[in-house]
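Data first, discussion second: the structure below is written as C-alpha cells.
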Amino acid sequence: LTAALGLPLALGLMGLALAPIIAHLVRRQPSARRAFGAMLLLRRMQRRLRRRRRVHDKALLALRMLMIAAVVAAAARPELRWPGAIPEFGGTGAVVVVIDDSLSMDLREAGGSGGTLLSRVRTQAAALIRSLPPDTLVGAVTIGGNAARLTPALTQERGAVLAAIAEIAQTQAGTDLVGGIREARRLLGGGGGEVVVFSDEAGPTAVPAALPELALLKEQGGALVPRPQRAESAVNVAVVGAKYGSGPEGGTVQVQVASFSPDSVEVPCTVQLPDGTQITAFVEVAAGETVEKAFTVPRVTQGGVGFATIDDGTLAADDSFAFHLPTVGASRVLVVDGDPGLTPVASEVYYLERALAPWGSAAAVQGGVLPEVTGPAGISILDPEVHQVVFLANVADPGPLANHLINFAQRGGSVVIGLGDNVTADRYNGVLAALLPVPLRRSRSLSGPGDPGVATLLPDTSLDLFAPFARGGRSAFGRIRWSRLFTVEPFDPTEDVRTLLATEGGLPLLIERKVGNGRVLLMTGTFDTGWGNLPLQAAFMPWVQSMVRYLGGRAAAAGERREARVGDVIDVALPAALSDIAVTGPRGAVPMETTASGVRFHVDKAGAYRVQTPGAPVLAEVAVNVDPTESDVRLGPALAETAAEVDPDRFMVRLPLLPWLLWGVLGLGLLAAALAYRPKAATEEELDEVRHAS
Amino acid sequence: VSSPAWDAEVLARIAHLHLQARQAVAGWRSGDHRSIRTSANVEFVDYKEYSPGDSIRHLDWKVAARTDRLVIKRYLAETEVPVSLVVDMSGDLGTGSEGRPDLDGTKHGAAVSLAATLAVFLHRRGDPVGLYLVGGQGSPWSEIPHRSSKGHLAQIVGALAAVQPAGEAHLGDALVRLGERLPRRGVVILLSDLMEEPSNWGPRLAALGRRGSDLRVIHLYDRAEWGMAWKDPAILYSPEGGDPLPVDPGVARATFEVVLEEYLEEVQDWLSRHRAHYVCVAADTPPDEALASVLRGHA
C-alpha cells in the first residue's frame, strides 16, 4: 500500500497549518477593570477549569490545524495504491485468449446448480472476441495439461476461433499457466498485444510459477488482462494418495483424503482391489486437512491396479485414486521330481518340500511358499499366472519340459535347475540350451571315500539372494561340503550370466542367467545328500526360502509398474520380439506409437492403463491420477497481484483521496465551528463535570 | 481611651449608626432574647433524658418517682457574658459598592451597621461588649476591650463609623491574636466576607472554640458579586492584591455558581465541625432583618 501526491509542492503550503496557532495566541483582552471581592472563588474556578479549558483549546487548535492540512493535502491530489487491480481490456489490435481447461475448472456450485467454470469461461471468451473491433487479430490457447494453441497463428477469422473455443472439452489435467503465457507470447510474435487469461487461478503454485513468463510478456510490450473465475463456494474433497504397504498381516492400503472445504466433512471411502473386492470405511476430514486411512488387504490377493474412491459431488476426477497392488499371498512353487516313485525319504523332493514349506501346506496357503510336486509328465500344470518358480530336481530327460520352461521363463517365471546322477550333459545342453547359463560338461568327484569334501565359499551378502544372511547365518555356508559336482564350460561373467556361489576350489556352484523376463539358477550340485551335505546344514532351508523370494519377487515384478499423472506421455520399454502390442485405458484402446525401445502413449484420463500382448501377462501397468494441486480449489495467489510485481503501474488499484479530503475539511470545519461556539452550550456540561468532581 | 477628633463625615456616620441601630433594636422587647448558654442556675428551661455521665445532682426525683423515668432539669444562665465583635475591614469589604451611598447596601456598610446594631442591642442587655477591627484604616481604635458603661457604646460606634476597608485581613493570624486577649468564656461574633481559604482560618477558629468561646460567624456578601451581575467582560482584581483575571461573566457565571456553592459547603462544614453558628447575610439586607437572623442563629 503506497501513497502518492500529484502535486508535491503543495506540501510547502503546510506552513499554513500554523495559522490557527497564531490565531490562538492572539486573544482579545477586555479593557475594563473592576474591583472584585470574591477573587478567592475566581481563582478556584480558574483552577477547576484550567485542565478542561486546556483540553478544549487544544482540541480546537488541532481541529483547525487538521483542517488546513487537509486543504493543503487535497491540493496535492493524493491517492492510495495497492496491487491487485484488474486492468480494463483495451483495443491493442492483437488479443490472445488463454483458457484454463484444467481439472479445477470443472468445479460446480455447491448443489450442482449452474454450469462449470469452464462453460462460463467459454461464454465469456466468446463474448469478448465478438466485442473486438473487426480488424483485431485473435488467437486462443488452452492451458489444461500442456498448453496448446487452438489457432496456429493470430487471425481475423472470428468464426474459426469461436468454433475452437466452443469445442474446448474439460480435461483432467493440471494447469500449465507458464506454457499458456509462453504460447501467447509466441502467438503475438514477440510484439505487443493483450493476453486475456480466463482461469480460476486455483492452487498454490500455478500463478507464482508464471512470474518469469509475465516479465517476458511485459518486456515484449504485451499486457496481461486477468479474468479470474471464482465459484461462489469453492468446496472439494479429494483422494490425493493411495499406496500399498506390505506387513505381517498381509499389508494395508494407505489412503490419503484431503478436504479443501471450509468445514469438516465425512465421506465414505471405498478401496477396490484388482480382483473386485471392495472395502469401505467412513473418513472424517477437518477443514483444510489431509487424513490418512488404512485399509487392510486380505492375505491372499491378486495383484494389479486398485482404486481408492470417495463421493463428494464435486470434481469427480479427483474422487478416485489408482494405486498398484502386488500379488499378496503364497508364492506358488512347482517342484519337478526327477525320480518319482523311489523312496521319498532322503530324495531331493523330500528335502525341498521341507525346506519350502517347513510348517506344512496349510500354513503355506496363508503366506510364504506353497510347493506343488509333480513328475516330468505333470509339467503341463505349470501355469505362468499361478506359479512363480519351478525346481527341476535331478530330472533325467528335460526334453518334454523344455518348451514349457522356456515359455515360463520368457514370461517372467524362474527356473531352478538342480542336477544329480540322472542328468547327462549332452541331453541338457541340447534341449535346455535356451535356459542353461552355461553348457554342462560332466560330473566330477571332488574327494575320496571318508573325505569330508570341498567346502563352499561364504556367499556375498551384497547380492539380493544372500542379503538375508548379512545379519547372521553366512558362516553356515562354510560347512556345506561337496564330494561331487557337475562342471561347466568356462565362461566369462556378463550382464546376463554370473556366478552367485562357488566352492573353495573355485568351481561354480550356483550360476544365474536372465532369460526373457525371468531367471534361471543352475545348481551344479544336488538337493539331497548324494553329492554333499547341503540338506543337512542349517543354511539349507533359509537359502531355499531366500531363493524363492528372490526369484518369485522378480517374477511378480516382471510386469512393469508405473505411476503417472493425467497429461503425461508414457514410454514403455519392451523386448523387440514382442508383437501385437496394445494399450488399454479407462476409455478402452489407447492410441499409441511404436518407438525404438517400446511404445509411447498419452494419458488424458485418470485410471489404469495396461500394455499387453495377446495371450501373455500384462507387460506394464500404469496407474494414472490427476494432479493433486488441481483439487485445491481454494483461492491461491491472484494472478493480478503476481502480475503487479512485474508491471506495477498497470495492476495498481488507485484510490483518489481528494473527495475524502474535501469531505474531511467540511467535517472538520463543522466540528471546529461547533467547538468554537461551544462555551454557552457547553457550560451545562461543564457544570455537570464540576458537580461530579466536587 | 481618649476621645478622638471626629471629622464631620464620621460624626454624621455615628449619628446614622446610632439611629439605625436603635431602630433595629426597637423591634426586640427586652427579655425576648436570652443567652443560649445553659447551666445549673436559676431559671428552668426544660428536661432531657438522663444519660450516663450526667450529674445526678440535676435529676428530677419527683418526676422519677411518678413516672419511673430519669430526667435532668436544665436551667438558663443569666450571668454576664462578654461579647467580642470581630469585624473584618480588609480591602475586599470595600468592593461591590459602586454607585451606592456610603454605608448603604455595601459589604463594608453592612458590617459596620450590623456591628453597631449588635453593640447597641447587647449594651442595652447589659452585656459587656468589645470590638476588634481586623484590617481597615481610619479608625482611632482597632481594639476596644469589653465594658458595659455608657461611653463605651459611643466609643464602639465611633470606631465603626470611622473605619474604612483597607489592606488584608489575614483572619487566621488575627484570630490567634484575638485569642490571646479574649476572656476564656464568652461570645465571639465574627463579621467577615471570609474570602480566605477556610484551611487558613478554620483551625484558628477551632482553637477559640476549644477555649470555651461561643462562636458566631456572620458571612457578609454582595449579591452583585456572587451573581456576577454585570454584562461586559472585565479584568477583575482584588483590592487586597494578587493577579487580576479577565472574566466574561456570560461564560463564567454558571461555573462560578458551582464553585461558590462548593465554597459555602466547605465553610459551613468547617464551622459546624467546631460548633460555630453560621449566618450568611447579604450586604443589602436591612439591619433589623440582619439582626433577627443573627439572633435566631440562621439567615
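A quick note: this is a predicted structure, and the numbers were derived from the prediction, not measured. A, B, ... follow the sequence lines: proteins, then strands. Residue 1 opens every chain.
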CE on B/Met195 to CZ on A/Arg43, rounded to 0.5 Å: 11.5 Å
Point-to-point distance, once rounded to the nearest 0.5 Å, from CG of A/Leu41 to CE of B/Met228: 8.5 Å
B/Asp243 portion near chain A, given a 4.5 angstrom heavy-atom threshold: backbone
Chain A contact via B/Glu240 - side chain, backbone, both or neither, heavy atoms under 4.5 Å: neither
Candidate pair A/Leu40 and B/Tyr263, rule side chain to side chain contact (heavy atoms under 4.5 Å, CB included), full reasoning: CA-CA 10 Å; A/Leu40 172 72; B/Tyr263 162 75; 3.8 Å; yes
A/Arg34 vs B/Glu225, side chain to side chain contact (heavy atoms under 4.5 Å, CB included): CA-CA, chis, key distance, verdict: CA-CA 11 Å; A/Arg34 185 185 186 95; B/Glu225 283 184 342; over 6 Å; no
Closest contact, heavy atoms only, A/Ala32 versus B/Pro233: CB-O, 4.3 Å
More than 12 heavy atoms of other groups within 6.0 Å of B/Trp226 CH2: yes
Best-contacting candidate, B/Pro244, B/Pro239, B/Ala252, B/Gly242, against chain A by heavy atom pairs under 4.5 angstrom: B/Ala252
Evaluation steps, side chain to side chain contact (heavy atoms under 4.5 Å, CB included), between A/Phe36 and B/Thr95: CA-CA 6 Å; A/Phe36 191 68; B/Thr95 64; over 6 Å; no
